[in-house]
Amino acid sequence: MSGLRSGASGRYDYLIVGAGFAGSVLAERLASQHGARVLLIDRRPHVGGNAYDEPNQAGILYHKYGPHIFHTNSEQVVDYLSQFTDWRPYEHRVRAFVRGQLVPIPINRTTLNKLFGLDLKTDEDAADYLASRAEPVDDITTSEDVVINAVGRELYELFFRGYTRKQWGLDPSELDKQVTSRIPTRTNTDDRYFSDTFQAMPLNGYTAMFEKMLDHPLIDVRTGVDFAEIKDRAHEIADHIIYTGPIDEYFDFRFGKLPYRSLRFDHQTLPQAQFQEVAVVNYPSEDVPFTRISEYKHLTGQESDVTTVTYEYPSAEGDPYYPIPRPENQELFKRYEALADATDDVTFVGRLATYRYYNMDQIVGQALATFRRMDEKRRKEQPTAVAAE
Ligand SMILES: Cc1cc2nc3c(=O)[nH]c(=O)nc-3n(C[C@H](O)[C@H](O)[C@H](O)COP(=O)(O)OP(=O)(O)OC[C@H]3O[C@@H](n4cnc5c(N)ncnc54)[C@H](O)[C@@H]3O)c2cc1C
């Protein structure tokens with residue numbers, strides 16, 4: 001692994017662990033704005049982290065780690081990423097397969113009309129109907145309470161209980177209320193999954209965007225390199241480390257493992273132009289083992305006689321995808337966070353280092369904010385160097 005040091009740049013200013021959004025945005029900012037020499041490593045054989053996409057053998061662009069839909073309300077994040085990609089307008093729509101039919105999710109007026117054979121005509125009609133089904137819960141603490149309070153037990157069981165049990169391996173009554181607080185219920189017929197002001201997909205995919213972001217003479221990218229292999233020599237390689245991997249792993253799991261939920265992805269290419277009417281169909285029933293099926297051509301607009309879909313099977317084992325939101329896990333994370341705060345020469349950033357589910361735009365925002373703090377620090381420490389630039 002000595003090649004890591006004797007690259008064209010010699011010693012590096014930064015060693016960045018993880019080439020997902022967090023690591024790649026910081027690599028780009030530090031190289032382009034500070035003229036810093038950056039070594040970016042990832043243990044996977046590619047950049048892009050979980051947002052990685054690639055064409056399969058049939059030429060269909062698919063997402064290796066499940067469908068990634070870009071949506072944000074942050075103009076700053078859009079402006080930043082637009083330096084590296086054009087966009088394809090795309091508004092995400094999801095259906096749920098319930099009682100033999102496909103209905104919009106989040107639950108809206110169409111969902112209620114279709115499912116219960118109703119003819120609710122206005123927002124008020126739908127609000128009154130939902131209110132008549134709701135079962136008020138005095139002290140809302142769990143995910144079950146949130147949903148039953150809003151829509152009642154029947155809709156809870158049809159849409160949320162099975163899905164949540166499959167997704168988390170836990171009953172909603174065992175999960176923090178925040179898990180289902182994310183899911184809105186609508187009284188109109190808007191069937192868009194997100195309401196953000198900007199909803200679009202990178203025109204040529206995420207990987208192309210990452211490649212452009214990292215195409216800088218001061219950035220060396222090494223994939224297939226695990227930090228564990230070079231940890232002992234990290235400070236010979238670079239002055240400072242930016243770590244976007246799992247925080248518990250950095251500290252050798254000394255307080256125990258932070259629990260994560262994982263997923264198994266079953267990608268299939270089928271000899272038909274279209275498989276389903278929208279990009280994602282959820283299967284809330286516990287009678288089927290997968291949680292959802294995604295079809296990429298809806299996201300990319302690609303045309304082909306074949307199509308690629310991904311079945312998602314939640315699992316306890318595998319790559320860390322979703323931190324399990326329970327109070328005891330947050331307490332364990334806080335102990336690791338205290339260690340991280342006391343580790344001056346390492347900056348911890350990204351979803352795995354902060355043990356929280358974040359969307360891509362939030363991680364870009366977090367990385368840009370981290371860069372701004374580093375920039376301010378540098379200005380205070382080296383006012384003359386900055387002035388000379
Ligand atoms: C199934 C799924 C679907 C999602 N869908 C959406 C969506 O539709 N929209 C949205 O906005 N967000 C979505 N997300 C969230 C999105 O994936 C994250 O916000 C984003 O990937 C976070 O970027 P990151 O850089 O923090 O982490 P990651 O993308 O996970 O990147 C971290 C990288 O660090 C590397 N790494 C870790 N440890 C080491 C080590 N020791 N040595 C070397 N490399 C290491 C990993 O290999 C990884 O590539 C989804 C997430 C999942 C799991």
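Order of listing sets the numbers, starting from 1, for every ligand and every atom in it.
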Among the heavy atoms of Tyr250, does any lie under 4.0 Å from an atom of ligand 1?
-> no

Part of Ala228 with heavy atoms under 4.0 Å of ligand 1, whether side chain, backbone, both or neither = neither

Heavy-atom proximity to atom 9 (N) of ligand 1, picking from Val17, Asp361, Ile69, points to Ile69

What pairs with Asp171 under side chain to side chain donor-acceptor pair (under 3.5 Å), at least two apart in sequence or on another chain?
-> Arg165, Ser173

Is the charged tip of Lys166 near the ring of Tyr313: under 6.0 Å from the six-membered ring centre and within 45° of its axis?
-> no

For Asp319 against Arg44, the heavy-atom pair lying closest together = OD2-NH2, 3.3 Å

Check the surroundings of atom CD in Gln57: do more than 12 heavy atoms from other residues, nucleotides or ligands lie under 6.0 Å from it?
-> no

Residue, atom and distance of the protein heavy atom nearest atom 51 (C) of ligand 1 read His68 NE2, 3.6 Å

Which one of Thr244, Val25, Val349 has a non-hydrogen atom at the shortest distance from atom 32 (C) of ligand 1?
-> Thr244

Nearest to atom 31 (O) of ligand 1, what protein heavy atom do you find, and at what distance?
-> Gly20 CA, 3.6 Å

Whether Glu249 lies under 4.0 Å from ligand 1, heavy atom | yes

Out of Ile41, Asp42, Thr223, Asn50, whose heavy atom is nearest to atom 29 (O) of ligand 1?
-> Asn50

Is it true that Ala353 lies under 4.0 Å from ligand 1, counting heavy atoms only?
-> no

Name the option, out of Tyr321, Tyr322, Phe70, that contains the heavy atom nearest to atom 1 (C) of ligand 1.
-> Tyr322

Does Arg261 make a cation-pi contact with Tyr322 (under 6.0 Å, within 45 degrees of the axis)?
-> no

For ligand 1, does Ile363 get within less than 4.0 Å through its side chain, its backbone, both, or neither, judged by non-hydrogen atoms?
-> side chain

Kindly say whether the aromatic ring centers of Phe21 and Phe210 come within a distance under 6.0 Å.
-> yes

Go through ligand 1 atom by atom and flag the ones less than 4.0 Å from a non-hydrogen atom of Gly245.
-> 37 (C), 38 (N)

Residues passing the side chain to side chain donor-acceptor pair (under 3.5 Å) test with Thr307, sequence neighbours excluded, are Glu295

Select one of side chain, backbone, both or neither to describe which atoms of Phe227 lie under 4.0 Å from any atom of ligand 1, heavy atoms only.
-> both

Specify the protein heavy atom at minimum distance from atom 28 (P) of ligand 1: its residue, its atom name, and the distance to 0.1 Å.
-> Arg351 NE, 3.7 Å

Any Tyr52 heavy atom less than 4.0 Å to ligand 1 | no

Exceeds 12 heavy-atom contacts within 6.0 angstrom, atom CD of Glu75 = no

Indicate yes or no: at least one non-hydrogen side-chain atom of Met213 is less than 4.5 angstrom from one of Ile219.
-> no

In this structure, atom 44 (N) of ligand 1 is nearest to the protein heavy atom Arg43 N, 3.1 Å

